[in-house]
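A short write-up of the structure that comes next.
Proteins get letters first, then strands, A, B, ... in listed order; numbering begins at 1 in each.
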There are 2 protein chains.
Amino acid sequence: MTTHRPGAPLKVALLGAGSVGAQTARQLIERREELSQRIGAPYELIGIAVRRLDAPRDVELPAELFTTDAEGLIDRADIVIELIGGIEPARTWIERALRQGKDVVTANKALLAAHQVEIFQAGREGGAETWYEAAAAAAIPIIRPLQDSLVGDRIQRVLGIVNGSTNYILDRIDTAGITMEEALDEARRLGYLEADPTADIEGHDAAAKATILAGLAFHTHVPREAVHTEGITRLTGEQLVDARRDGFVVKLLAVAERLHAGTPDEAVNVRVYPALVPHDHPLAAVHGGKNAIFVEAMDAGDLMFYGAGAGGVETSSTVLSDFVLAAKRIVRGAPAEFITFDAHLRIADIAEVASSWQITLHVDDQPGVLEQIAAVLARGDVSVRALHQSALEDAQVDGARLVIITHHAPEGVLRRVVALLGDLPAVRSVVGVLRVEGE
Amino acid sequence: MTTHRPGAPLKVALLGAGSVGAQTARQLIERREELSQRIGAPYELIGIAVRRLDAPRDVELPAELFTTDAEGLIDRADIVIELIGGIEPARTWIERALRQGKDVVTANKALLAAHQVEIFQAGREGGAETWYEAAAAAAIPIIRPLQDSLVGDRIQRVLGIVNGSTNYILDRIDTAGITMEEALDEARRLGYLEADPTADIEGHDAAAKATILAGLAFHTHVPREAVHTEGITRLTGEQLVDARRDGFVVKLLAVAERLHAGTPDEAVNVRVYPALVPHDHPLAAVHGGKNAIFVEAMDAGDLMFYGAGAGGVETSSTVLSDFVLAAKRIVRGAPAEFITFDAHLRIADIAEVASSWQITLHVDDQPGVLEQIAAVLARGDVSVRALHQSALEDAQVDGARLVIITHHAPEGVLRRVVALLGDLPAVRSVVGVLRVEGE
């Protein structure tokens with residue numbers, strides 16, 4: 001348990017002074033009176049651990065707070081706020097604090113996605129709680145709703161727009177009619193994309209959040225490696241235009257789904273990919289850099305949680321709220337609560353998931369092609385719900401663009417059918433396949 | 001404190017067996033093993049208090065559970081779930097349980113809107129907590145997000161679609177182009193409206209929820225009488241059509257807003273009325289009988305919580321989750337938490353609120369009318385952002401329909417200007433005025 005003595009100010013250690021860290025430090029100092037009142041006890045920011053004392057900061061902060069001795073700072077604290085990000089040394093420091101019985105507030109999604117089991121175990125050993133609302137979807141309250149508000153219900157599926165950069169890009173292509181390259185340039189210019197945008201546009205950031213959400217929704221640890229992950233880099237603007245014509249919007253989704261519910265074969269699948277969402281689905285109205293998490297529960301029905309999924313000030317709001325809750329817990333002497341991964345659901349491969357698909361092909365523009373394609377679909381038992389053929393836009397090339405929306409079929413079946421389509425002599429290329437979600 | 005002995009099953013009393021009560025009883029019985037596991041201790045439903053033992057029920061329940069002796073049942077219980085609704089005897093029974101140190105779960109919004117101060121006081125006296133997530137917006141988790149997830153932030157405004165019946169009616173007029181009368185008939189046929197629809201269509205139900213939300217958001221008790229309340233009965237389909245042309249959707253909103261933030265004059269205003277919402281605002285995408293609560297926080301930015309705002313099964317999901325949380329609290333020996341109305345913000349009259357307005361007039365179709373109207377607006381310092389004139393649809397009547405959207409101006413100013421417009425000889429009638437929210 002924590003070293004805190006009743007009456008003495010709670011000693012708060014901050015690790016990191018980047019964009020979220022500096023905002024958090026500023027507010028801990030400027031709003032001390034107000035936040036102490038909400039906690040019911042005074043607190044003191046006793047230090048900020050940084051790598052370099054002389055690095056430039058977003059916010060002016062008292063120089064005497066800075067230290068490079070993170071471990072010494074942790075050992076003197078009652079509560080530790082970790083905002084350095086990355087795996088190491090964050091993991092070592094967090095586990096050190098938890099084993100000493102000190103609650104930890106963190107926004108570190110990469111670390112939790114990789115090591116949540118070990119971190120929660122360290123907390124159990126020390127009797128200390130890990131507060132990580134900011135790691136799931138920044139400013140959007142989703143951990144407490146999933147953990148507490150739905151504790152008497154059973155969650156069937158979670159569909160999340162959990163990466164603001166890619167949502168901005170897809171939204172701009174869809175609503176402003178610009179190309180993928182133009183949208184990427186614009187997002188980079190506006191600071192929506194980091195210098196190395198791989199984690200965002202390849203879906204890795206969304207996949208990390210998906211494992212955290214899956215653990216909360218299904219009480220099952222889904223390792224990052226088990227998350228089927230596709231980014232937005234192979235999308236074309238035409239796929240978005242085609243989707244709109246058929247009544248859909250394309251969103252990069254993180255999906256965690258209970259399969260075969262109520263049978264002995266019950267399992268969970270977690271996946272990230274760009275998918276078609278019906279235009280009247282609440283997720284279709286999530287524009288720009290905003291995030292949203294759509295939850296389908298057995299009794300409560302459909303719920304959605306919407307807000308900012310990034311940003312220094314927005315994330316620090318969540319960090320501060322978690323800090324107040326952690327401090328209240330300590331002051332009130334309430335026992336620590338732990339996430340348990342005790343459902344042990346089987347982790348299903350994406351091949352077991354069924355959905356509708358949008359299949360885009362470039363084909364020869366000659367009689368009989370459509371018949372061959374229809375025959376392959378029929379043999380695979382895949383039925384068609386919409387089909388559009390148009391001349392290729394490039395006037396130099398003689399050929400056609402074929403867009404097929406299928407009815408529901410298992411992923412494994414659809415993949416085999418698409419492979420067979422690609423083998424047809426009249427099919428020049430399979431431009432892309434996108435699943436439909438939210439129906 | 002509760003009479004519960006460690007190890008013994010928690011004794012649960014249910015008051016009421018209506019649509020939510022019967023669902024809750026069924027689940028408490030059928031899912032006892034699963035819910036006990038989540039609580040970490042066994043429980044037993046020891047009785048269901050009803051007015052008439054032989055009344056017909058939605059769900060078949062063991063006859064031996066029913067009793068007409070509610071007080072005797074309460075006195076034997078560890079946790080009380082109140083689902084009878086209405087003010088009395090619910091209030092007496094809830095306060096009795098709380099004073100005995102027994103946590104109470106309730107979905108009774110009318111009672112909380114009228115007596116939340118007294119009920120929380122009874123809980124403080126007994127050291128027992130009141131769990132009322134289901135009273136705010138049924139299945140939508142909003143209490144814990146406002147109370148916990150935003151505890152480190154400052155809320156500026158809450159905009160809620162918190163009445164499903166009226167949202168269904170307005171959505172149908174907007175999307176299906178039917179009249180108000182047709183929509184009311186349809187809503188009645190589909191069970192969206194009660195036999196006496198007054199509470200829904202006159203905005204009283206929304207106003208009750210607004211006072212609950214305002215208490216959570218601003219830590220200030222706003223009595224129901226202080227809520228300016230307008231329903232949808234005086235709306236016409238034409239106002240909705242006009243709104244759509246100008247890029248808005250009409251929604252019945254419950255609004256709780258902090259005014260003059262950061263000044264000595266800081267205050268809170270709570271109001272319910274049909275308002276224009278920009279078509280790309282997330283609230284505009286809330287269709288049918290769904291509810292949503294949009295929260296504007298200083299640091300976290302815009303958040304929205306969406307889901308079912310009514311329904312027996314949906315509401316019972318929230319009641320069960322609250323029950324599990326209350327039971328966990330008791331089993332873990334965690335101290336009770338109390339809502340405090342300690343901010344004591346001044347309650348501002350609606351005249352202090354500023355917004356844009358849509359003003360609809362029937363006027364004589366003759367030269368000079370527009371000039372007279374423009375002069376009244378200019379003298380009132382109200383500037384126009386959109387104006388449309390059209391011939392009245394009734395071919396028998398010679399006249400024009402004038403729709404004005406104003407720029408932002410204080411409510412008091414706009415009311416005076418509208419009164420002056422109504423006094424102009426060329427203005428036959430003021431058809432209606434609607435505020436714009438969510439800009």
Side-chain angles (χ1 to χ4, degrees), chain A residues 23 27 31 34-35 37-39 133 138-146 148-154 280-282 284-287 290 292 294-295 297-308 311 313-325 328-329 332-335 337 342, chain B residues 23 27 31 34-35 37-39 133 138-146 148-154 280-282 284-287 290 292 294-295 297-308 311 313-325 328-329 332-335 337 342:
Chain A
Q23 279 297 340
Q27 300 218 41
R31 295 174 55 201
E34 177 198 349
L35 295 175
Q37 207 167 20
R38 298 205 191 175
I39 293 166
E133 182 70 87
I140 307 176
I142 184 67
I143 291 190
R144 265 171 293 276
L146 286 181
D148 293 343
S149 307
L150 287 166
V151 67
D153 206 325
R154 278 158 298 186
D280 58 353
H281 191 283
V286 178
H287 298 295
K290 291 287 185 181
F294 191 85
V295 179
M298 184 171 278
D299 294 325
D302 294 343
L303 301 168
M304 190 171 84
F305 304 86
Y306 163 100
V313 177
E314 292 85 348
T315 308
S316 86
S317 158
T318 308
V319 169
L320 282 175
S321 294
D322 267 358
F323 160 68
V324 170
L325 294 174
K328 273 174 78 172
R329 181 188 89 70
R332 295 165 66 233
E337 285 211 68
D342 55 3
Chain B
Q23 280 296 340
Q27 301 219 39
R31 295 174 56 201
E34 177 198 348
L35 294 174
Q37 208 167 18
R38 299 205 190 173
I39 293 166
E133 182 70 89
I140 307 176
I142 184 66
I143 291 191
R144 266 171 293 279
L146 286 180
D148 293 343
S149 307
L150 288 166
V151 67
D153 205 326
R154 277 157 299 186
D280 57 353
H281 191 283
V286 178
H287 298 295
K290 292 286 186 183
F294 192 84
V295 179
M298 183 171 277
D299 295 326
D302 294 344
L303 301 168
M304 190 173 82
F305 304 87
Y306 164 100
V313 177
E314 293 83 350
T315 308
S316 85
S317 158
T318 308
V319 169
L320 282 175
S321 295
D322 268 357
F323 160 67
V324 170
L325 294 173
K328 275 174 77 172
R329 181 188 89 70
R332 295 164 66 234
E337 286 211 67
D342 55 3

Original post:
Do B:S317 and A:D299 get their side chains close enough for a donor-acceptor pair, meaning under 3.5 Å?
Top reply: no
Would you mind checking which part of [X] comes under 4.5 Å of any heavy atom in chain A, side chain (CB onward), backbone (N, CA, C, O), both or neither?
X      : answer
B:Q23  : neither
B:P335 : both
B:Q37  : neither

Options [options], ranked by heavy-atom pairs under 4.5 Å with chain A, top entry:
options                       : value
B:R31, B:R144, B:H287         : B:R31
B:L325, B:V324, B:L320        : B:L325
B:A308, B:A300, B:S316        : B:A300
B:I140, B:L35, B:T315, B:L150 : B:L150

**OP:** Below 4.5 Å from any heavy atom of chain B, which atoms of A:F323 appear? Answer side chain, backbone, both or neither.
**Re:** neither
Original post:
What distance separates A:K290 NZ from B:L303 CG, expressed to the nearest 0.5 Å?
Top reply: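 With rounding to 0.5 Å, NZ (A:K290) is 7.5 Å from CG (B:L303).
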**OP:** Starting at CZ of B:R332, measure out to NZ of B:K328 and round the result to the nearest 0.5 Å.
**Re:**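 The distance works out to 6.5 Å.
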Subject >> Option in A:A139, A:S321, A:G333, A:A292 with maximal non-hydrogen atom pairs under 4.5 Å from chain B >> reply: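 Counting heavy-atom pairs under 4.5 Å, the top option is A:S321.
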Subject >> Among A:A284, A:P141, A:A285, A:G307, residue most engaged with chain B (heavy-atom pairs, under 4.5 Å) >> reply: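 Sorted descending by pairs with chain B, the first entry is A:P141.
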Original post:
Mind checking whether B:F305 and A:F305 have parallel, tilted or perpendicular rings, split at 30° and 60°?
Top reply: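 Perpendicular, since the angle between the ring planes exceeds 60°.
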Original post:
Under 4.5 Å between any side-chain heavy atoms of B:E133 and B:I142, yes or no?
Top reply: yes
Original post:
So, A:D342 and B:R38, do they make that salt bridge, N to O below 4.0 Å?
Top reply: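 No.
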Original post:
Backbone N or O of A:A297 within a donor-acceptor pair of the A:D153 side chain at under 3.5 Å?
Top reply: no
